[in-house]
Student: 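Here you go, one structure.
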Amino acid sequence: MVNLKEKPYYLNEEQIQWVENTIAGMTTEEKIGQLFVNMVSNEEERKPENIKKILDTYHPGAIRYHNAPKEELWEMADCLQRTTKIPLLIASNCEAGGNGGTQGGTPIANGAAMAAIDSEEAVFKMAEISAREAAAVGCNWNFAPIVDLTYNWRNTIVQLRAFNDNPDDVIRYAKSFFKGMKTQNMATCMKHFPGDGTEENDQHLIMGINEFDCEKWDQTYGKVYRELIEEGVMTIMAGHIALPAYSKKLCPGIKDEDILPATLAPELITGLLKGQLGFNGLVVTDASHMIGMFGATIPRSRQVPQAIAAGCDMYLFFNDREEDFGYMMEGYKNGTITEERLHDALHRILGVKAALNLHTLQKEGTLTAPKENLSVVGCEEHHRASKEFADKYVTLVKDRLHYLPMTPEKYKRIKLMYIGSEATVIAGMKFESNDKNIIADIVSQLEEAGFEVDSEVPAKKGKIEEFKKNYDCVLLILNVQGFAQYNTMRVKWDEPAKQPWYMSELPTFVVSLSNTNNLIDVPMARCYINSYMDHHESFAATLEKMMGRSEFKGRYNENVFCGRWETRF
């Protein structure tokens, strides 16, 4: 059973009494409801009458939402906290800035960009800004930082979101992230236990597998988790990732076909994380609509309660509220979830709420920050910080033929080639790409700098000599993203004329605004730059450096060369 007086809660007698009294006063339905994190999907569900209906019927312990304008999210949070009987954890996904918590939030720097800067102070500042903007819209729980290790350059899920493949770096950065978050009344949630980054699969589409043996895992991922648990992280997100070596060690005789992702594996959550590593905090599952869990070898009717029985304390997202609530209730009634396991989970959930003093803030009517605090979201100060970060993280990987600097005097007429993305899937919903706006911003910045830009996509290559006569260089922008759609991301040359035939004809500058490993598809690039982010400040900093107005300061990880010899020259 959890000890609420110890790390990471450190509750006093009054706080513990609130936890005990609250549990004692709950109905069975309310206890089951506390296990769920409910997704508020759209404007219709944000309406006060619908919020009240969800709270009254399903009694969720926490809320997550799809991003929306800051005013709408503040109204939702205020309504939720005024309506709920037990104060809610309201979660954001601020891994790289306030943009993970609200539309109009400030993008600062993702994990890979932070590692390119290599500054604990910078990570602190990024987390501080993220916390400010998330707290302003009513959040008190952040699903970050990412503490995975990018050992496989093909990995698409955490290649940009994680810091890098150095456990000591990840520990340093994560500790700074925790401190930045603590500037607000915010619980952190590091993810994804037992660790992503060894393979290329996306758990949105298939169960992940961390193939490290026990000794190697202990020296890498295990080291990260041990250090950060000791640091006092309050919550951990379990991934839909199997760890066969430890499942076999802790469950001798287990068959390969019976190995499950951590979210459903008691030997990994109860045995390894809470037992061997001594984690006393709250474990939440990764999103349950992901096929890594949904497509497991047992039906969802068993998955829902088994996640809690395995040692997870909260279940991230209903598929269908009525159905999943019924599955959880049936799992409790048939003994899959024991009375002891249920009460342990409830103590951990309410322990986090008590540690944040949500019960006291509820009495005071201050669970949601004053509405005027919304002015901090996307404010000028934060965008100045975003610009400062971009100046530090933009990374020159190679310029073998010394094409740089790219100036109007040398390369007046630019042919812009842009490879973007079709869409992204977030929490089970598909969102179209923002490519048109990004292209327009890039063209605008180039023209302001004195270049002539042609961004039209020709139907075919045409005559090469005419092409060389019309342009002085090519700027190839790669913004390849496929979150929750592909297991391995590669450049998709969506138009024949965009294919890199021009690299042997004109100086070509390749800039990636997202994945860092695109050299696998353009190894012949003589000049290649990683910009990590696709927002205005990122390209502005990139352009400044390409024009020779400031130096490149970012450091690259060896993963950029994709383990190939031909990508280096």
Student: Not counting sequence neighbours, which residues clear side-chain contact (heavy atoms from CB on, under 4.5 Å) with Asp344? List them please.
Tutor: Met1, Val2, Lys274, Asp313, Arg341, Arg348

Student: Any side-chain heavy atom of Asn164 sitting closer than 4.5 Å to one from Asn559?
Tutor: no

Student: Ring pair (Phe, Tyr, Trp, His ring centres under 6.0 Å) with Tyr65: which residues, sequence neighbours excluded?
Tutor: none

Student: Within the structure provided, determine whether Asp196 and Asn155 are in side-chain contact (heavy-atom separation under 4.5 Å).
Tutor: yes

Student: Without swapping roles, check the side chain of Asn185 against the backbone of Leu356 for a donor-acceptor pair under 3.5 Å.
Tutor: yes

Student: Just jot down the ring pair (Phe, Tyr, Trp, His ring centres under 6.0 Å) partners of Phe143, sequence neighbours excluded, or say none.
Tutor: Trp141

Student: Is the closest basic N to carboxylate O distance between Lys5 and Glu13 below 4.0 Å?
Tutor: yes

Student: Assess whether atom CD of Glu43 is packed by more than 12 heavy atoms of other residues, nucleotides or ligands within 6.0 Å.
Tutor: no

Student: Determine whether Tyr327 and Asn319 satisfy the following criterion, side chain to side chain contact (heavy atoms under 4.5 Å, CB included), listing intermediate values before the conclusion.
Tutor: CA-CA 11 Å; Tyr327 289 155; Asn319 173 50; over 6 Å; no

Student: Hey, are Glu230 and Lys7 close enough for a salt bridge, meaning a charged N less than 4.0 Å from a carboxylate O?
Tutor: yes

Student: Kindly indicate whether the side chain of Asp324, heavy atoms from C-beta on, has any atom under 4.5 Å from the side chain of Arg300.
Tutor: yes

Student: Would you please name every residue forming a ring pair (Phe, Tyr, Trp, His ring centres under 6.0 Å) with Phe325, sequence neighbours left out?
Tutor: Tyr58

Student: Picking from Ile236, Leu350, Val352, what satisfies side-chain contact (heavy atoms from CB on, under 4.5 Å) with Leu282?
Tutor: Val352

Student: For a 4.5 angstrom cut-off between non-hydrogen side-chain atoms, does Glu29 reach Met329?
Tutor: yes

Student: Please list, chain by chain and in numerical order, all residues satisfying side-chain contact (heavy atoms from CB on, under 4.5 Å) with Gln362, sequence neighbours excluded.
Tutor: Thr84, Pro87, Leu367

Student: Side chains of His347 and Val19: closer than 4.5 Å at any heavy-atom pair?
Tutor: yes

Student: For the pair Trp18 (side chain) and Asn357 (backbone), establish whether a donor and an acceptor sit closer than 3.5 Å, ignoring hydrogens and angles.
Tutor: no

Student: Taking only residues two or more places apart in sequence, or in another chain, which ones meet Tyr173 in a ring pair (Phe, Tyr, Trp, His ring centres under 6.0 Å)?
Tutor: Phe163

Student: Let's go through Leu316 and Ser288 carefully: what are the C-alpha distance in whole Å and the side-chain angles of both, what is the deciding distance for side chain to side chain contact (heavy atoms under 4.5 Å, CB included) to 0.1 Å, and is it a yes or a no?
Tutor: CA-CA 6 Å; Leu316 193 58; Ser288 66; 5.8 Å; no

Student: How about Phe279 and Phe193: are their ring centres within less than 6.0 Å of each other?
Tutor: no

Student: Would you mind checking if Glu215 and Lys249 are paired as a salt bridge, meaning a charged N to carboxylate O distance below 4.0 Å?
Tutor: no

Student: About how many Å separate CD1 of Ile90 and OG1 of Thr368, when rounded to the nearest 0.5 Å?
Tutor: 6.0 Å

